[in-house]
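Since the structure comes first, as structure tokens, the remarks are kept for the end.
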Amino acid sequence: MGTVIAAVKGTRDFYPEAMAVRAWLYRVIGEVSASFGYQEYDGPFLERLDLYAAKSGEELVKEQAFVFPDRGGELITLRPELTPTLARMVAQRQKQLVYPLRWWSFGPFWRYERPQKGRTREFFQWNADLIGANSPESDAELIALCVAFFRRVGLTPSQVGIFINDRHLMESLLLDLGIVAERHREVFRLIDRREKMNPEAWEDYALSLGLQPVQLDGLKRLLDDKSLWQHSPSLRRVFAALKAYGAVDYVHFDAQIIRGLEYYTGTVFEGRDMGKEGRAILGGGHYDNLVADVGGEPLPGVGFAMGDVMVTLVLEKYGLLPTWNPAPADVLVTVFDAEHLLKSLEISQILREAGLRVIGYTEAIKLDKQLRYAHRAGIRYAVIAGPDELVRDQVALKDLQTGTQTLVALSEVAFTVKAQMGVS
RNA sequence: GUGGCUGUAGCUCAAAGGCAGAGCACCUGACUGUGGAUCAGGUGGUUGUGGGUUCGACCCCCAUCAGCCACCCCA
């Protein structure tokens, strides 16, 4: 074997076992989304760079997007997130759509980053958005949707949680501390960094931003105040709604949740492993001006994104991934010799039409090799159609799991297999 | 973009500057129309790639690529 051409850095090959997980995730996400009345949609995987100029995080577009000129010289981007596309799609049909709009999507995204645990350059994301509704209860619905997903896959409140905050609340509290609005962006960044830095370095950082010691003390007091959310009428309504949704046991207030994307304006939240392991499983929040930013009328919304990489790691950690059944078929119809090859193919088709998953061997090789193939592939039943059986319109049916073999009338094979599959 | 660790058979790993190995897997046979178990035998490598040092390099040095991990950022 020569040197295999390497895959593109940060991409993943979905061998059948991994593909089964991805397909399962897609199915579960679709079911959960539909249960809240969300409709599936998707946008193009290629977008013009201009689309992201409006509101995505600076770094997300400038440094993490795959951008290349097409043959006409236009700058094209492999989508690094879906929300701007969603905003465009809504803006294009703004007057025709029925609001509040509930849409979900699951598709690939690309970001040019250094791959590491929980992060690849090509990944899949579940996006869900509620557009044209503007209430704390609407924000709570999206969180309830996340929780519904957690419950559906078996993740418990002791394993994962959703941490929420309100940017409006933080803004007003910063103003109370005498920190003017122009400084909020950098102070938000400071807040976001607190978990990751040691206390002294963090305080030095705060003072270097020009915060007064009094303001720093006030800020620390705010961030450590677990009941701070009670000062926010909005968050109080969010929590009340979450209680109604039966989702509140997964949800925690955390004043340090800020989120990086700049278009978030009110409620922000992220899902994490309760063991504080790894990066966020999902992130989302409320936005006011997204549709207007791409040329539409102002329309508020709330949404989130959940990446497949991190959630799969978490599910694996807790043993919640579906068990993989490698068997490609229920039955293998073997070929006795070259003369009986077509007869075997006929039998395979009869069984197929009876509703079984059937592989018919397509080469007249030694029988032991064919049975060995069935065994290695995990196929439970083998049909052996040799001259001795066929003269009496029978075949031998072998159960490779129990090792038993019986003679069965050709017309009864499908029925017999199905009956045996049913009992075990 | 910054830093750390790691690249040896299909897989998991040895070989501490001196003949590149083991287990598992795979292939063949014992088996006349039958998988697994056992036994016997066998295939398999420019040691990621390219340079350098040395009488001699899997081992030391440089570069590069890839994987993993952390930072950054974020799903």
Side-chain angles (χ1 to χ4, degrees), chain A residues 1-12 25 29 56-65 79-83 105-128 146 189 192-193 196-197 201 257-262 264 268-273 278-285 303-314 332 334-337 339-340 361 364-390 395-406:
Chain A
M1 175 164 78
T3 307
V4 178
I5 306 280
V8 173
K9 186 184 183 78
T11 61
R12 291 167 294 166
L25 206 54
I29 282 168
S56 297
E58 287 271 308
E59 177 156 351
L60 183 58
V61 177
K62 284 190 180 158
E63 306 191 12
Q64 296 181 350
R79 62 181 189 183
E81 60 159 335
L82 189 59
T83 308
S105 185
F106 182 80
F109 296 86
W110 294 265
R111 290 183 193 172
Y112 195 83
E113 299 186 272
R114 285 281 281 268
Q116 57 194 264
K117 188 162 193 165
R119 191 172 76 184
T120 58
R121 286 185 174 182
E122 179 178 68
F123 56 95
F124 285 76
Q125 241 185 20
W126 173 28
N127 278 266
C146 295
R189 186 170 161 67
D192 196 44
R193 303 271 315 143
K196 298 162 189 164
M197 301 176 73
I257 300 295
I258 291 295
R259 307 299 307 155
L261 296 175
E262 288 169 34
Y264 293 132
V268 286
F269 57 93
E270 64 184 43
R272 302 198 72 92
D273 185 301
R279 56 195 73 244
I281 299 166
L282 60 89
F304 70 85
M306 183 185 81
D308 72 312
V309 181
M310 197 57 217
V311 78
T312 300
L313 283 174
V314 172
L332 175 73
T334 62
V335 177
F336 185 74
D337 59 22
E339 279 175 52
H340 294 82
Y361 216 90
I365 61 169
K366 286 167 74 177
L367 192 56
D368 61 348
K369 298 230 196 255
Q370 297 180 54
L371 288 170
R372 184 164 156 72
Y373 160 75
H375 178 250
R376 295 190 59 196
I379 301 169
R380 179 161 179 188
Y381 297 96
V383 166
I384 299 160
D388 296 349
E389 292 88 0
L390 289 173
V395 295
L397 176 63
K398 178 158 189 167
D399 181 338
L400 299 192
Q401 198 168 304
T402 61
T404 56
Q405 181 171 326
T406 50

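Every chain is numbered from 1 and lettered A, B, ... according to where its sequence line falls, protein lines coming before strand lines.
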message = Determine whether a donor-acceptor pair (N or O, by modelled atom type, separation under 3.5 Å) exists between the side chain of A/Q370 and the backbone of A/V335.
response = yes

task = Check the distance between B/A30's C1' and A/D368's CG and give it to me in whole angstrom.
result = 12 Å

Span that lies between the P atom of B/A63 and that of B/A9, in whole angstrom = 25 Å

query = Using purine N1 to pyrimidine N3 plus N6-O4 or O6-N4 for Watson-Crick, or N1-O2 and O6-N3 for G-U wobble, each under 3.5 Å, what pairs with B/C39?
reply = B/G29

A/Y373 vs A/V8, nearer the 5' end of RNA chain B by closest nucleotide = A/Y373

ask   = Can you tell me if the side-chain N/O atoms of A/K117 get under 4.0 Å from OP1 or OP2 in B/C71?
value = no

ask   = Taking atom P in both B/G44 and B/U38, what distance in whole Å separates the two?
value = 25 Å

message = Given the structure, check if the side chain of A/R114 and the base of B/G3 hold any donor-acceptor pair shorter than 3.5 Å.
response = yes

ask   = Using a cut-off of 4.0 Å on non-hydrogen atoms, how would the nucleic acid contact of A/G378 be classed: base, sugar-phosphate, or nothing?
value = nothing

inquiry  = For A/R114, is there any backbone N or O sitting under 3.5 Å from a side-chain donor or acceptor partner on A/R119?
reply    = yes

inquiry  = If I take atom NE2 in residue A/H375 and atom P in nucleotide B/G35, what distance separates them, rounded to the nearest angstrom?
reply    = 11 Å

query = Looking only at atom C1', what distance separates B/A14 and B/U8, rounded to whole Å?
reply = 9 Å

query = To the nearest Å, how far apart are A/F123 CZ and B/C73 C1'?
reply = 12 Å

Pairwise C1' distance, B/G29 and B/U43 [rounded to whole Å] = 14 Å

inquiry  = Between P on B/C74 and OH on A/Y264, what's the gap in Å once rounded to a whole number?
reply    = 11 Å

request  = Classify the ring geometry between A/Y361 and A/Y373 as parallel (under 30°), tilted (30 to 60°) or perpendicular (over 60°).
outcome  = perpendicular

ask   = Does B/C68 have a Watson-Crick or wobble partner in any strand here, with both distances under 3.5 angstrom, and which is it?
value = B/G4

query = When the P atoms of B/G23 and B/G18 are considered, how many whole Å apart are they?
reply = 23 Å

query = Reckon A/T402 touches a base, only the sugar-phosphate, or nothing at all at heavy-atom distances under 4.0 Å?
reply = nothing

key: B/A22 - base-pair partner by Watson-Crick or wobble geometry, distances under 3.5 Å   = B/U12

message = What contact category does A/A374 fall into here, base, sugar-phosphate, or nothing, at under 4.0 angstrom with non-hydrogen atoms?
response = nothing

inquiry  = What is the distance, to the nearest angstrom, from the CE atom on A/M310 to the P atom on B/C74?
reply    = 17 Å

message = Could you tell me how far apart A/L400 (CG) and B/A37 (C1') are, to the nearest whole angstrom?
response = 15 Å

task = Could you tell me whether a side-chain N or O of A/R111 sits under 3.5 Å from a main-chain N or O of A/A65, the two making a donor and an acceptor?
result = no

ask   = Between B/C68, B/G35, B/G29, which nucleotide gets closest to the side-chain atoms of A/P115?
value = B/C68

query = In Å and rounded to the nearest 0.5 Å, what is the CE to CD distance from A/M306 to A/E270?
reply = 14.5 Å

request  = Assign A/E122 to base, sugar-phosphate, or nothing according to its heavy-atom contacts below 4.0 angstrom with the strands shown.
outcome  = nothing

ask   = If each of A/L367 and A/G271 is mapped to the nucleotide of RNA chain B with the nearest heavy atom, which maps nearer the 5' terminus, i.e. the 5' end?
value = A/L367

message = Ignoring hydrogens and geometry beyond distance, is the side chain of A/Q405 in donor-acceptor contact with the base of B/U34 at under 3.5 Å?
response = yes

inquiry  = I'd like the P distance from B/A22 over to B/U64, given in whole Å.
reply    = 37 Å

key: Under 3.5 Å: donor-acceptor pair, side chain of A/E122, backbone of A/P108   = no

query = What is the base-pairing partner of B/G45, counting Watson-Crick and G-U wobble geometry with both distances under 3.5 Å?
reply = none

task = Please state the P separation for the pair B/C61 and B/C5 - nearest whole angstrom.
result = 11 Å

inquiry  = Is it the case that the base of B/G67 and the side chain of A/K9 share a donor-acceptor contact (distance under 3.5 Å, atom types as modelled)?
reply    = no

query = When the distance from CZ of A/R119 to C1' of B/A70 is rounded to whole Å, what number comes out?
reply = 10 Å

task = Please measure how far the C1' atom in B/U53 lies from the corresponding atom in B/C62, and state the result in whole Å.
result = 11 Å

Nearest-Å distance for atom pair NE2/C1', residues A/H340 and B/U34 = 17 Å

query = Is any side-chain heavy atom of A/D308 closer than 4.5 Å to a side-chain heavy atom of A/R12?
reply = yes

remark   = Against the side chain of A/R376, the closest entry in B/G29, B/C27, B/A70 is B/C27

key: side-chain N/O A/Q116 vs B/C69 OP1/OP2, d < 4.0 Å   = no

inquiry  = Under 4.0 Å, counting only non-hydrogen atoms across every strand here, what does A/R372 touch: a base, just sugar-phosphate, or nothing?
reply    = sugar-phosphate

Nearest-0.5 Å distance, CZ of residue A/R376 to CG of residue A/L371 = 14.0 Å

Options B/C71, B/U34, B/C73, nucleotide nearest the side-chain atoms of A/I384 = B/U34

